[in-house]
Amino acid sequence: MPRVMWLLNHGSARKFEVAMLKSVGIQEIFLPKKYPNDPSFRSASIDYSEDHNLTIPADQLAVLNATDWYETQSLEAWDIANRYFDVLFFIAHRPDSVKGISRNFRGIMLWRAYGMERNNGYSKVQEYFSNILDMDYIRAMGKRLFFVPAYSHLHLIESIFLQERSLYLPLGLANCTVYDQWRGGEKKILFVCPDIGFNPYYQAVYQSFIRDFKGLPYAVGGAQPIPLDDPNIIGFVPWEAHEKNMQEMRVMFYHSTEPNHVHYHPFEAIRAGMPLIFMGNGMLDRLGGTKLPGRCTYIAQARHKISRILNGDQQLIEAIRTSQTILLEQMKPANCVDTWRSGFKKILMAVETIKNVPVVAKVRKRRVAVILPVGYRGGTLQGAKLLAHAMLYGSCQAGQDVDVILGHLDDPACYPDEAFDDLPDTIKRRPYNWRTLNRDESNRAVAYAGITRTLTAENYIVPDDGISQFMDCDLWILVSDRLSMPILPVRPYVLMVYDYLQRYEPVMSPILNQAFVMAAHAAARVFVTTEFTRQDAIQFGGIPANRVVKLPILAPLPNTKFSQIESQKEAPESKKYFLWATNLALHKNHENAVRALRQYYEEFDGKFACYVTGVDTDRMLDTDRSQLKPVQKIITTSPLLQRQIKFMGELTTQSYHDCLANCAFMWHAGRIDNGTFSVVEAAHLGRPSLSSDYPAM
């Protein structure tokens with residue numbers, strides 16, 4: 001028999017379903033040991049009891065146990081899962097988890113469905129995940145997927161795709177024995193309603209309850225992460241206390257009229273022998289409750305029956321207690337096991353089918369595009385080339401080598417061929433232009449790409465390379481978030497964001513900032529290179545922390561012919577200078593920098609000249625940028641500054657390294673930044689640096 005991964009943590013469901021699996025012959029079952037710190041997992045727990053039945057190496061079981069199967073998982077964990085397991089149960093809790101299962105598990109996948117509120121459904125979850133991930137990873141599972149509802153009617157409200165993949169495996173109770181220890185001495189209604197403080201659904205349920213049963217004594221159970229000002233709320237209690245409450249309190253009221261979901265606590269009350277008053281037209285009707293004396297069709301009727309029970313109407317109490325046990329019949333393991341057996345026959349046939357399918361060799365390696373979205377030069381261009389290098393060599397080291405394409409705007413003035421002399425032949429570069437599509441054009445393009453997605457923006461952009469719009473690449477990595485319109489969601493993309501300067505400097509309008517932040521929210525991941533920017537992405541950008549990845553800073557290393565020993569030799573007296581690497585951006589702190597230079601030369605008789613280099617720095621004195629007007633005034637009114645400052649503009653890589661290797665020190669005067677390559681390059685050549693003090697540095 002195959003081994004099964006049951007990747008859920010619901011305590012009551014686990015007791016029943018593990019027993020069902022063993023009843024159909026499955027003896028080796030892996031249970032997850034981690035679950036989200038999320039109020040929706042209030043009934044979750046961890047169970048190690050099945051580990052001793054698993055005949056897999058202890059060190060590999062340890063890897064599985066250490067894995068959070070609700071988040072992203074390591075390739076090592078998936079390799080072990082595929083080596084030893086054929087069937088996997090999962091719930092669609094988070095998009096990334098579903099993506100990981102779809103892309104990495106090679107066996108049969110069972111999407112377990114316990115029902116949702118009446119206005120929701122699993123097809124909507126599938127569509128939502130598709131929108132988030134830019135791809136329908138659930139549909140991509142194909143015939144290896146079974147949609148596995150816990151109730152026989154759930155598939156009827158779903159899409160044709162899920163209906164065709166539906167396989168009914170009933171949910172029950174591991175123990176349906178009625179132990180009848182109810183005494184009912186405490187004249188109270190027991191009402192279970194969790195998460196009142198923050199969940200709008202349960203908040204409305206609670207408000208309705210206290211309004212409808214005002215004046216009657218009650219106690220509200222259920223976990224409450226946020227405390228509430230109601231002395232009648234007892235919150236979460238251990239099982240022994242909950243059991244005692246059901247034995248001592250007079251009656252339980254169950255509010256739900258949801259047709260597709262039911263909670264466990266009504267069945268717990270029935271097992272305890274506690275009278276249950278419940279509203280009709282919900283799931284309990286399907287389980288045999290339509291003619292029970294505890295059923296109510298409107299609230300006034302429920303209040304009337306509860307009042308009679310609280311006042312000791314023994315005739316009604318006994319009528320309810322003796323009749324309500326019928327609700328347990330469909331939940332009994334003996335009445336579910338045959339359906340599980342027939343269902344697992346189909347699952348095992350599917351296991352054998354996929355085992356017999358020959359493995360088709362990949363036609364090509366995976367391909368990644370590293371794309372510069374605007375005409376960046378300087379450090380950002382260097383960063384893109386370094387990232388392409390890292391992707392190429394890192395993937396080879398990981399044994400998953402990819403082809404790497406470097407995309408840049410088709411602008412020879414900005415990107416002449418010599419700008420890429422340091423790019424290896426194995427990284428192909430591809431010029432492109434942005435193309436704007438309206439909503440109708442975008443919807444057609446997405447449909448042709450085989451992606452199910454609802455597009456809402458008026459316009460989308462796509463990189464048009466004149467060949468395939470980078471559709472031949474499996475992933476796009478855009479080196480910047482500077483996207484004024486949303487990208488057409490035909491490929492998953494990652495953003496490399498070096499900084500959020502707009503949080504600190506007025507570098508853009510709120511509308512433009514919103515566009516850039518939305519681009520990051522639509523990305524599969526956001527790469528950053530410092531903790532400072534990671535916190536900005538989370539706090540300022542509002543990007544979920546699990547989608548922000550901090551990578552090492554990649555710095556260009558100068559030509560090795562400049563050894564540190566050579567660079568530390570004293571330069572000739574005529575070349576006594578320090579190097580200020582900057583550009584014309586607002587955050588580079590130019591005014592304070594030239595004020596410091598004037599003080600250095602005029603008050604302290606400074607001897608070192610200042611060489612200024614970087615994109616457009618040769619235009620610093622004649623540009624019309626408003627923030628540079630004070631700089632121009634300071635320099636043009638100081639003969640010493642004019643004599644000591646030399647504006648060199650953007651140098652070739654070789655010239656820049658020559659200049660850096662012979663300077664007295666590197667000066668980094670920026671106000672806020674993500675750190676700078678120049679300081680690292682200077683260190684590589686043995687040159688000291690004088691830098692502003694800010695978090696990234």
Side-chain angles (χ1 to χ4, degrees), residues 10-13 15 38-45 114-117 171 173 175-176 178 181-182 184 186-214 216-258 260-280 282-284 287 289 292 294-296 299 302-303 305-306 309-310 320-321 324 327-328 331:
H10 193 287
S12 297
K15 289 178 182 178
D38 184 322
S40 64
F41 280 74
R42 56 185 167 270
S43 299
S45 61
Y114 295 116
M116 306 176 76
E117 62 271 17
L171 177 65
L173 287 171
N175 181 3
C176 286
V178 178
Q181 296 180 352
W182 177 77
E186 191 173 356
K187 189 178 177 181
K188 279 186 179 180
I189 308 166
L190 178 57
F191 180 63
V192 179
C193 185
D195 304 343
I196 298 168
F198 66 91
N199 187 310
Y201 177 85
Y202 286 114
Q203 192 171 61
V205 168
Y206 166 73
Q207 293 294 343
S208 296
F209 172 78
I210 61 174
R211 181 189 66 240
D212 296 337
F213 296 95
K214 184 178 180 180
L216 300 180
Y218 67 88
V220 178
Q224 307 297 340
I226 297 177
L228 292 116
D229 186 20
D230 183 346
N232 298 303
I233 294 178
I234 58 178
F236 173 82
V237 295
W239 169 253
E240 294 75 13
H242 179 55
E243 193 173 38
K244 184 177 180 182
N245 288 336
M246 291 188 294
Q247 294 167 4
E248 297 299 332
M249 293 190 193
R250 189 68 58 87
V251 61
M252 176 180 282
F253 173 65
Y254 185 54
H255 69 284
S256 179
T257 59
E258 295 288 355
N260 302 318
H261 178 71
V262 67
H263 298 86
Y264 271 93
H265 57 269
F267 305 108
E268 294 167 349
I270 295 170
R271 288 183 60 235
M274 185 185 203
L276 175 70
I277 297 296
F278 65 94
M279 300 307 297
M283 271 290 295
L284 292 182
L287 298 175
L292 295 183
R295 182 183 186 271
C296 303
I299 288 295
R303 184 182 174 98
K305 289 184 179 182
I306 287 174
I309 293 172
L310 292 175
I320 290 172
R321 280 171 20 95
Q324 65 188 9
L327 295 174
L328 297 174
M331 309 289 285

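When a residue number appears, it is its place in the shown sequence, counting from 1.
- Across all their heavy atoms, Ile226 and Leu228 have their closest contact at O-CD1, 3.4 Å.
- In terms of heavy atoms, Arg271 sits closest to Leu173 at CD-CD1, 4.3 Å.
- Interatomic distance, Met246 CE to Ile270 CD1, rounded to the nearest 0.5 Å: 11.0 Å.
- Residues Pro39 and Phe198 form a side-chain contact, since some pair of their non-hydrogen atoms from C-beta on lies under 4.5 Å apart.
- Using a distance-only test at 3.5 Å, with no hydrogens or angles considered, no donor-acceptor pair links the side chain of Trp182 to the main chain of Ala269.
- His261 places a side-chain N or O within donor-acceptor distance of the main-chain N or O of Tyr114, the cut-off being under 3.5 Å.
- Across every non-hydrogen atom of Leu171 and Met331, the tightest pair is O-SD, 3.7 Å.
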*Going through the checks in order, is the ring pair (Phe, Tyr, Trp, His ring centres under 6.0 Å) test met by Phe209 and Phe191?*
CA-CA 9 Å; Phe209 172 78; Phe191 180 63; 4.0 Å; yes
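- Of the possible donor and acceptor atoms, one in the side chain of Lys305 sits under 3.5 Å from a partner among the backbone N and O of Arg295.
- Using a 4.5 Å heavy-atom cutoff, the side chains of Val178 and Leu328 are in contact.
- Note: Phe213 and Tyr218 fail the aromatic proximity criterion, with ring centroids not under 6.0 Å apart.
- Scanning for ring pair (Phe, Tyr, Trp, His ring centres under 6.0 Å) contacts around Phe267 gives an empty result, with sequence neighbours left out.
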*Does the side-chain contact (heavy atoms from CB on, under 4.5 Å) test come out yes or no for Ile299 and Met279, once each step is laid out?*
CA-CA 8 Å; Ile299 288 295; Met279 300 307 297; 4.0 Å; yes
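- Every side-chain contact (heavy atoms from CB on, under 4.5 Å) that Pro238 has, sequence neighbours left out, goes to Glu240, Ala241.
- Remark: the backbone N or O of Ile189 is not paired with any side-chain donor or acceptor of Arg250 at under 3.5 angstrom.
- Between Pro194 and Tyr202, some side-chain heavy-atom pair lies under the 4.5 Å cut-off.
- Looking at Ile234 and Asn245, their side chains come closer than 4.5 Å, going by heavy atoms from C-beta outward.
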*asked:* Run Leu284 and Leu292 through side-chain contact (heavy atoms from CB on, under 4.5 Å) and show every step you take.
replied: CA-CA 10 Å; Leu284 292 182; Leu292 295 183; over 6 Å; no
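- Between the side chains of Asp230 and Tyr206, at least one donor N or O lies within less than 3.5 Å of an accepting N or O.
- Atom CE of Met252 is separated from atom NZ of Lys188 by 14.5 Å, given to the nearest 0.5 angstrom.
- The shortest distance between side-chain heavy atoms of Leu327 and Pro266 does not fall below 4.5 Å.
- Checked against ring pair (Phe, Tyr, Trp, His ring centres under 6.0 Å), Tyr254 has the following partners two or more places apart in sequence or in another chain: His263, His265.
- Ionic pairing of Asp195 and Arg42 is present here: one or more N-O contacts between side-chain nitrogen and carboxylate oxygen are shorter than 4.0 angstrom.
- Counting heavy atoms from C-beta outward, Glu268 and Trp239 have side chains that approach closer than 4.5 Å.
- No donor-acceptor pair under 3.5 Å is formed between the side chain of Glu258 and the backbone N or O of Met283.
- Using a 4.5 Å heavy-atom threshold, the side chains of Ile210 and Asn232 count as separate.
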_side-chain contact (heavy atoms from CB on, under 4.5 Å) between Ile277 and Ile320, worked out_ = CA-CA 8 Å; Ile277 297 296; Ile320 290 172; 3.6 Å; yes
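- Under the 3.5 Å distance criterion, the side-chain polar atoms of Gln224 are matched with a main-chain donor or acceptor of Cys193.
- You'll find the ring centres of Tyr264 and His10 inside the 6.0 Å limit.
- Side-chain contact check for Met274 versus Leu190: some heavy-atom pair is nearer than 4.5 Å.
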